[in-house]
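First up is the structure itself, then whatever we jot down about it.
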Amino acid sequence: MKKFASLSEAFDWWCKSVYPSLPPDVKKGKYTSAWKDFTYKQGISDKRMTEVLSKFGDVNVQTVVTFKPK
């Protein structure tokens, strides 16, 4: 299991570690589109990143907000 500080960090890891090793027939379509959109900063939503990551493993995204009153 790998842990990341953010969804973007996890997707960046996927782009650099998983995507390059995918077979050519899998690299077509939505995975290549997502990789390009992220790599070239063309915009990709958290929902889309989560959908792509979930095709290759279990994804659990948690948001932690802490507030300490004055």
Side-chain angles (χ1 to χ4, degrees):
M1 175 173 31
K2 295 188 93 33
K3 290 189 178 189
F4 303 96
S6 68
L7 185 57
S8 293
E9 186 179 308
F11 200 76
D12 183 57
W13 172 84
W14 179 86
C15 286
K16 294 174 180 172
S17 302
V18 177
Y19 180 80
S21 63
L22 294 176
D25 60 318
V26 176
K27 283 187 179 179
K28 295 179 182 174
K30 63 183 173 181
Y31 302 126
T32 297
S33 176
W35 174 83
K36 283 182 181 178
D37 289 347
F38 183 83
T39 302
Y40 298 108
K41 302 187 186 335
Q42 296 174 344
I44 183 169
S45 68
D46 288 354
K47 180 181 176 183
R48 194 163 145 221
M49 285 190 277
T50 302
E51 287 173 357
V52 170
L53 289 173
S54 67
K55 295 292 182 182
F56 297 91
D58 294 328
V59 179
N60 181 11
V61 179
Q62 297 177 355
T63 303
V64 177
V65 177
T66 58
F67 175 76
K68 182 178 179 183
K70 295 180 182 179

Could you give the distance from [atom1] ([X]) to [atom2] ([Y]), rounded to the nearest 0.5 Å?
X: Thr50; Y: Ile44; atom1: OG1; atom2: CD1; answer: 9.5 Å
X: Lys47; Y: Leu7; atom1: NZ; atom2: CG; answer: 13.5 Å
X: Lys30; Y: Asp37; atom1: NZ; atom2: CG; answer: 14.0 Å

Which atom pair, heavy atoms only, marks the closest approach of [X] to [Y]?
X: Pro20; Y: Cys15; result: CD-O, 3.2 Å
X: Ser17; Y: Ser21; result: O-OG, 3.9 Å
X: Glu9; Y: Ser6; result: N-OG, 3.1 Å

Worksheet entry | Residue pair Asp58 / Asn60, side-chain heavy-atom distance below 4.5 Å | no
Worksheet item: Are the side chains of Arg48 and Ser33 in touch, meaning some heavy atoms are under 4.5 Å apart?
Response: yes
Worksheet entry | Residue among Trp13, Trp14, Phe11, Tyr31 satisfying ring pair (Phe, Tyr, Trp, His ring centres under 6.0 Å) with Tyr19 | Trp14
